[in-house]
There are 2 protein chains.
Amino acid sequence: MMTVIAKYRNLGLKLTPQRIAILDYLDGNKRHPSAEDIYLDVSKKFPTLSLATVYTTLGALREKGKVLELTIDPDKKRYDPETGKHNHFICILCKRIIDIPATNLIDFPEAITQDYCIITSHVEYSGHCPECKNIL
Amino acid sequence: MMTVIAKYRNLGLKLTPQRIAILDYLDGNKRHPSAEDIYLDVSKKFPTLSLATVYTTLGALREKGKVLELTIDPDKKRYDPETGKHNHFICILCKRIIDIPATNLIDFPEAITQDYCIITSHVEYSGHCPECKNIL
DNA sequence: GTACGTGCAAAGGTTTTGCATTACA
DNA sequence: TGTAATGCAAAACCTTTGCACGTAC
């Protein structure tokens with residue numbers, strides 16, 4: 001098992017204890033946390049942590065391509081340490097975000113691919129997740 | 001040509017002059033404006049308009065399914081009066097949002113459609129629009 | 001040693017809310 | 001006439017920024 005220190009060593013980022021704690025929290029995390037989710041959890045073990053540090057660390061990781069900033073939740077940004085190609089489902093009731101595997105998406109008319117430079121594509125699904133569906 | 005008054009008459013919304021002006025601005029508008037865009041334009045002809053009125057009108061229209069709230073722009077919400085099925089492209093430089101026709105999207109593993117209740121799906125593309133691509 | 005990160009507080013931007021007044025239906 | 005919308009101001013959030021201090025490299 002690779003430690004986050006080894007994993008993020010050569011990015012040109014200083015690995016402070018705060019950052020290592022944030023990276024530990026994010027590593028393999030499938031919950032798509034908000035900045036505040038990260039802050040609340042990491043500050044349990046690191047009480048001096050500041051929310052501003054969480055934001056700047058997320059910004060630095062995003063610039064290095066190590067985290068995705070998701071805009072699927074209308075209320076706040078959510079973060080995803082899994083940067084491989086996949087899509088997302090958000091439950092409109094509990095706001096859980098769940099990974100959806102990406103199949104071969106061919107949904108872009110060829111006439112458009114000539115004029116545009118497409119850098120990312122992302123499918124966003126919304127509805128009721130299995131838990132909320134059962135309660136309804 | 002149908003006036004917006006005829007178009008929105010039977011929604012149970014009071015058609016005040018402010019709302020009619022907002023509806024006129026939105027009708028057929030392909031620019032995916034923000035609340036402030038709407039406010040700035042409509043208040044030219046309606047100087048007493050309040051930004052709060054724009055927000056509450058957009059909220060009422062959204063509840064009636066007459067406008068979509070887009071979260072594709074990380075900076076603010078954008079609104080779309082075209083509620084038929086289509087997708088969006090956002091230019092990461094100029095923030096223009098452009099409609100992309102939806103093809104038959106079959107990108108959801110069947111195992112998942114059984115457990116989830118999918119209400120909406122939306123493909124979000126980002127990159128450089130034709131104008132910005134030419135400048136680069 | 002130096003450039004970069006931290007933490008605090010304050011500011012910025014977007015969106016919502018409370019409330020008295022106004023006006024549609 | 002009664003219910004709902006308006007407009008103003010203030011508040012509520014989320015996120016960013018300035019700055020003095022501290023620390024990884």
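As a basis for the values below, the full set of heavy atoms in this structure was taken, side chains included, without hydrogen atoms, waters or symmetry mates. Here is the naming used below: chain letters follow the sequence lines, and residue numbers restart at 1 for every chain. Just so we're clear, the structure is a prediction, and the values are computed from it rather than from any experiment.
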Taking side chain to side chain donor-acceptor pair (under 3.5 Å) as the test, write out the residues that go with [X], two or more places apart.
X       : result
B:Thr56 : none
B:Lys95 : B:Asp75
B:Arg96 : none

Quiz prompt | Residues, nucleotides or ligands: over 12 heavy atoms within 6.0 Å of A:Glu63 CD | solution =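 Incorrect, the count does not exceed 12.
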Practice problem: For the side chain of A:Thr57, starting at C-beta, report the closest nucleotide among C:dT6, C:dT15, D:dT6. | Solution: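 Among C:dT6, C:dT15, D:dT6, the one nearest the side chain of A:Thr57 is C:dT6.
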Atom [atom1] of [X] to atom [atom2] of [N]: distance rounded to whole Å?
X       : N      : atom1 : atom2 : result
A:Asp73 : D:dC14 : CG    : P     : 10 Å
A:Leu51 : C:dT6  : CG    : P     : 13 Å
B:Tyr8  : D:dA5  : OH    : C1'   : 18 Å

Keeping the roles fixed (side chain from [X], backbone from [Y]), state whether a donor-acceptor pair exists under 3.5 Å.
X       : Y       : answer
A:Lys66 : A:Glu82 : no
A:His32 : A:Tyr79 : no
A:Thr71 : B:Thr71 : yes

Quiz prompt | Contact list for DNA chain C against residues 35-50 of chain A - heavy-atom distance below 4.0 Å | solution =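 Contacting residues: A:Thr48, A:Leu49, A:Ser50.
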Exercise. With sequence neighbours left out, write down each residue that passes side-chain contact (heavy atoms from CB on, under 4.5 Å) with B:Asp37, or none if nothing qualifies.
Key: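 Result, side-chain contact (heavy atoms from CB on, under 4.5 Å) vs B:Asp37: B:Tyr25, B:Pro33, B:Ser34.
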Quiz item: For residues 3-26 of chain A, which residue pairs qualify under salt bridge (Lys or Arg N to Asp or Glu O under 4.0 Å), counting only residues two or more places apart or in two chains?
Solution: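 Passing the test, one end in residues 3-26 of chain A: A:Lys7-A:Asp27.
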Self-check item: Side-chain N or O of B:Arg9 closer than 4.0 Å to phosphate OP1/OP2 of C:dA25
Solution: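 For C:dA25, OP1/OP2 do not have a side-chain N/O of B:Arg9 under 4.0 Å.
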Exercise. Considering just the side-chain nitrogens and oxygens of B:Gln18, establish if one lies under 4.0 Å of OP1 or OP2 belonging to C:dC24.
Key: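 Indeed not, no polar side-chain atom of B:Gln18 lies that close.
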Quiz item: Using rotation axes that map the C1' atoms of four end pairs onto the next four (five pairs an end), what angle separates the end axes of the helix from C:dG1-D:dC25 to C:dA25-D:dT1, to 10°?
Solution: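 Both end axes considered, the difference amounts to 50°.
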Looking at side-chain heavy atoms only, is the closest gap between [X] and [Y] below 4.5 Å?
X       : Y        : answer
A:Leu61 : A:Leu13  : yes
B:His88 : B:Ile100 : no
A:Leu58 : A:Leu26  : yes
A:Leu23 : A:Thr57  : no

Quiz prompt | Proximity to DNA chain D (any heavy atom under 4.0 Å), residues of residues 61-72 of chain B only | solution =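 Going residue by residue through residues 61-72 of chain B, none turns out to have a heavy atom under 4.0 Å of DNA chain D.
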Quiz item: In residues 75-82 of chain A, which residues come under 4.0 Å of DNA chain D by heavy atom?
Solution: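 A:Asp75, A:Lys76, A:Lys77, in order of number.
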Pairs under 3.5 angstrom only: tabulate donor-acceptor contacts from the side chains of residues 128-136 of chain A to other protein residues two or more places apart or in another chain.
from: A:Lys133; atom 1: NZ; to: B:Gln114; atom 2: O; distance (Å): 2.8

Exercise. Encode nucleotides 17-25 of chain D as B, S and - characters from 5' to 3', where the letter depends on protein heavy atoms closer than 4.0 Å: B to the base, S only to sugar-phosphate, - to neither.
Key: B------BS
Self-check item: Residues A:Asp80 and A:His86: side-chain donor-acceptor under 3.5 angstrom
Solution: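 Yes, A:His86 and A:Asp80 have a side-chain donor paired with an acceptor closer than 3.5 Å.
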Could you give the side-chain donor-acceptor pairs of residues 42-50 of chain B under 3.5 Å, partners two or more places apart or in another chain?
from: B:Ser43; atom 1: OG; to: B:Tyr39; atom 2: O; distance (Å): 2.6
from: B:Ser43; atom 1: OG; to: B:Leu40; atom 2: O; distance (Å): 3.4
from: B:Ser50; atom 1: OG; to: B:Ala52; atom 2: N; distance (Å): 3.0

